[in-house]
Amino acid sequence: KETADNKAYSDSECKVQMKTSELKDAFIKRALVKVGEGYFVPVSFTVSGKIGTVTYAKAGSTTGTAATVALAAVAD
C-alpha cells in the first residue's frame with residue numbers, strides 16, 4: 001500500500017510503524033522496500049534524535065541525479 005506520510009511500516013496495511021531498531025536491522029540484512037507494486041533497494045540508514053530513517057532511490061532518476069525518498073521509524 002502506498003502512503004504519503006513517509007513512514008516505514010512493517011505491515012502491508014500501513015498500520016504498524018517500524019521502530020528504529022527494526023528498521024536498522026532490516027537495512028543491515030539488505031531488506032527491500034516495497035511501495036505499491038514496486039520494490040526498491042535502500043541506499044542509506046541514519047539516526048537523528050533516536051528516529052531511524054532509510055533512504056532509497058526511486059523511479060525518476062536521471063543521469064547525474066537521483067530521485068530519493070526517505071522513510072522514518074519511531075524511536076524505540
**Message:** Under the criterion side-chain contact (heavy atoms from CB on, under 4.5 Å), I'd like the reasoning laid out for Val69 against Thr55: C-alpha separation, chi angles, the key distance, then a yes or no.
**Reply:** CA-CA 6 Å; Val69 176; Thr55 302; over 6 Å; no
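- Between atom OG of residue Ser12 and atom NZ of residue Lys34 there is a gap of 7.5 Å, rounded to the nearest 0.5 Å.
- In the hydrophobic cluster analysis, where Ile, Leu, Val, Met, Phe, Trp and Tyr join through side-chain heavy atoms closer than 4.5 angstrom, Val16 is grouped apart from Leu23.
- In the hydrophobic cluster analysis, where Ile, Leu, Val, Met, Phe, Trp and Tyr join through side-chain heavy atoms closer than 4.5 angstrom, Val47 is grouped apart from Val43.
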**Request:** Take Lys24 and Phe45 through the test side-chain contact (heavy atoms from CB on, under 4.5 Å) and record every step on the way to the result.
**Result:** CA-CA 7 Å; Lys24 180 180 179 181; Phe45 174 81; 3.4 Å; yes
**Request:** Let me see the working for Val74 and Thr20 under side-chain contact (heavy atoms from CB on, under 4.5 Å), right down to the final yes or no.
**Result:** CA-CA 6 Å; Val74 294; Thr20 293; over 6 Å; no
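- The backbone N or O of Lys19 sits nowhere less than 3.5 Å from a side-chain atom of Asp76 that would complete a donor-acceptor pair.
- Heavy atoms only, all atoms of each residue included: Pro42 and Arg30 are closest at O-NH1, 3.8 Å.
- Distance OH/Tyr9 to NZ/Lys15: 11.0 Å, rounded to 0.5 Å.
- The hydrophobic clustering, which links ILVMFWY residues whose side-chain heavy atoms are closer than 4.5 Å, places Ile51 and Val54 apart.
- Between the side chain of Glu22 and the main chain of Gln17, no donor-acceptor pair closer than 3.5 Å is present.
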**Request:** Quick one: do Phe40 and Val35 satisfy side-chain contact (heavy atoms from CB on, under 4.5 Å)? Show the steps, please.
**Result:** CA-CA 8 Å; Phe40 304 90; Val35 179; 3.9 Å; yes
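- The side-chain heavy atoms of Leu32 and Val41, taken from C-beta on, include a pair separated by under 4.5 Å.
- A distance-only check finds no donor-acceptor pair linking the side chain of Asn6 to the backbone of Leu71 [under 3.5 Å].
- Distance NZ/Lys7 to OG1/Thr53: 12.5 Å, rounded to 0.5 Å.
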